[in-house]
Undergrad: 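Submitted below is the structure of interest, expressed as structure tokens.
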Amino acid sequence: MGSHVQGAKSLLAANWKMNPASASDAADLVRAILEPYKAHADHVQLAICPPYPWLLGVAELIENTGVELGAQDCYWEKAGAFTGEVSAAMLTGWCQWVIVGHSERRAYFHETDEDVARKAAAGIAEGLQVILCVGELDEHYTAGQTEPVVGGQVRAGLSQLAADDSPHLVIAYEPVWAIGTGKNAEPEHAYKTMRLIRHTVGEVIGQGAARKVRVLYGGSVNAANIESYVELPLCDGCLVGGASLKADEFSKMIATVAEVYGHIPSTT
Ligand code: 13P
């Protein structure tokens, strides 16, 4: 299994999206995940990405637990007259991670590839780990256009990054048709696209650097199917939406990932 990024644990990132609706529900959800996570911390790196207003409360709850915190977006300017925006620089006090280019931001908030590239570069410049999301629409998938579409998003997303940035970059392959639909991608399709992503990263920032970039799968991942992704040689973990809001199910997913990674001999 030497094709996983060397020495890395599997990464599980919980994208809560605009959930839960109250601070107390957010706190309850974190508390319910912390205890089961403890037993698996050796094999699973866990990043929770709540909405902005819950970041501080979640940060307090996860202190000294090994759980990491992420935001779901950022703006590339450091500060200024940008009503409603939150800069990458402002997140650094609380977060280790930021998600950029999620398909919901691309679709509902009209983010372009260029915006996403600027956000990725700003996040890394401010010392955050960036999860750059890419993925094809259903119409691309059915037309067999996944590779050119995803390859193009990867090239564009990396356009402001250099080889040195690679240890701070994670690329999440999230087919748009699989997000929130219960129609998760076939592992074979996920594998081929993740291979293409790695190949493209190598072309853009160099093969050595590409080996340090982690690649995740996301899209209707749940307790029943997560094993089929994390056991793929090129998959370094998963980005989870809906199932990360259900403490029992998400705890099972953490345990499953730990089980798979616990059996992969270290390659370092
Ligand atoms: P679901 O797991 O709800 O399909 O969402 C995936 C996702 O968009 C994570 O970023």
Side-chain angles (χ1 to χ4, degrees), residues 10-21 25-26 29 33 44-52 54-55 58 68-74 91 95-109 111 115-116 119-120 123 128-138 140-141 146 149-150 153-154 157 169-187 189-190 193-194 197 214-230 232 235-254 256-257:
S10 183
L11 174 62
L12 260 190
N15 177 8
W16 285 1
K17 309 193 179 183
M18 203 171 72
N19 298 293
D25 285 352
L29 180 56
I33 292 166
V44 182
Q45 182 179 13
L46 179 59
I48 297 180
C49 307
Y52 292 131
W54 309 157
L55 284 173
V58 174
E68 297 170 0
L69 190 64
Q72 298 170 15
D73 189 25
C74 66
L91 296 172
C95 297
Q96 294 77 42
W97 293 91
V98 65
I99 298 171
V100 301
H102 191 280
S103 69
E104 287 150 17
R105 299 227 45 97
R106 293 177 190 256
Y108 305 147
F109 305 101
E111 285 191 8
D115 297 336
V116 175
K119 291 179 175 197
L128 296 166
Q129 303 276 318
V130 167
I131 300 177
L132 166 67
C133 301
V134 296
E136 81 282 15
L137 301 174
D138 194 25
H140 301 134
Y141 174 62
T146 298
V149 169
V150 171
Q153 289 173 336
V154 171
L169 180 67
V170 172
I171 300 184
Y173 169 51
E174 298 205 297
V176 179
W177 48 270
I179 294 178
T181 58
K183 248 178 30 180
N184 58 302
E186 285 295 322
H189 175 77
T193 313
M194 294 167 108
I197 289 171
R214 287 189 277 173
V215 181
L216 310 182
Y217 170 78
S220 295
V221 181
N222 58 33
N225 62 31
I226 193 164
E227 185 172 357
S228 63
Y229 299 108
V230 291
L232 295 172
C235 179
D236 299 301
C238 288
L239 179 56
V240 184
S244 72
L245 298 167
K246 300 176 197 154
D248 287 351
E249 172 145 26
F250 196 57
S251 301
K252 273 189 211 146
M253 294 165 79
I254 293 169
T256 302
V257 174

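Not measured: the values here are computed from a predicted model. Counting starts at 1 for both ligands and their atoms, following the listed order. By convention here, the first residue in the shown sequence is residue 1.
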Undergrad: Hey, which atoms in ligand 1 end up nearer than 4.0 Å to a heavy atom of Ser220?
TA: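 Reading through ligand 1 atom by atom, the close ones are 1 (P), 2 (O), 4 (O).
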Undergrad: What are the atoms of ligand 1, with element, lying closer than 4.0 Å to any heavy atom of Gly180?
TA: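 Taking each heavy atom of Gly180 in turn, ligand 1 has 1 (P), 3 (O), 4 (O) under 4.0 Å.
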Undergrad: Less than 3.5 Å apart, any donor N or O on the side chain of Trp16 or Gln72 sitting next to an acceptor on the other?
TA: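 Note: Trp16 and Gln72 side chains miss the donor-acceptor criterion.
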Undergrad: What part of Ile179, side chain, backbone, both or neither, has a heavy atom within less than 4.0 angstrom of ligand 1?
TA: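 The answer is both, backbone and side chain.
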Undergrad: Distance only, no hydrogens: is a donor on one side chain within 3.5 Å (strictly under) of an acceptor on the other, for Glu227 and Thr256?
TA: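 There is no such pair (donor and acceptor under 3.5 Å, judged by atom type) between the side chains of Glu227 and Thr256.
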Undergrad: Could you tell me, atom by atom, which parts of ligand 1 come under 4.0 Å of a heavy atom of His102?
TA: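 Reading through ligand 1 atom by atom, the close ones are 7 (C), 8 (O), 9 (C), 10 (O).
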Undergrad: List the closest protein heavy-atom neighbour of atom 7 (C) of ligand 1: residue, atom name, distance to the nearest 0.1 Å.
TA: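 Residue, atom and distance for the closest contact: Glu174 OE2, 3.0 Å.
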Undergrad: What residue and heavy atom of the protein are closest to atom 5 (O) of ligand 1, and at what distance?
TA: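 Its nearest protein heavy-atom neighbour is Lys17 NZ, 3.2 Å.
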Undergrad: What's the shortest distance from atom 2 (O) of ligand 1 to any protein heavy atom, and which residue and atom give it?
TA: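 Heavy-atom neighbour on the protein nearest atom 2 (O) of ligand 1: Gly241 N, 2.9 Å.
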Undergrad: Would you say Arg106 and Val134 make side-chain contact, with heavy atoms under 4.5 Å?
TA: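 Yes, their side chains come closer than 4.5 Å.
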Undergrad: What's the separation between atom CD1 in Ile131 and atom CD1 in Ile171, rounded to the nearest 0.5 Å?
TA: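 Here the interatomic distance stands at 11.5 Å.
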Undergrad: Note the single closest protein heavy atom to atom 3 (O) of ligand 1, along with its residue, its atom name and the distance in Å.
TA: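 Heavy-atom neighbour on the protein nearest atom 3 (O) of ligand 1: Gly242 N, 2.8 Å.
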Undergrad: Quick one: sort the Tyr141 and Trp177 rings into parallel, tilted or perpendicular, breaks at 30° and 60°.
TA: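 If you compare the ring of Tyr141 with that of Trp177, the planes turn out parallel.
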Undergrad: Please could you name the atoms of ligand 1 that Ala178 approaches to less than 4.0 Å, counting only its heavy atoms?
TA: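 Those of ligand 1 that fall under 4.0 Å from Ala178 are 4 (O).
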Undergrad: Could you label the plane-to-plane angle of the Tyr217 and Tyr229 rings as parallel, tilted or perpendicular, counting under 30° as parallel and over 60° as perpendicular?
TA: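 Ring orientation, 0 to 90° scale: parallel.
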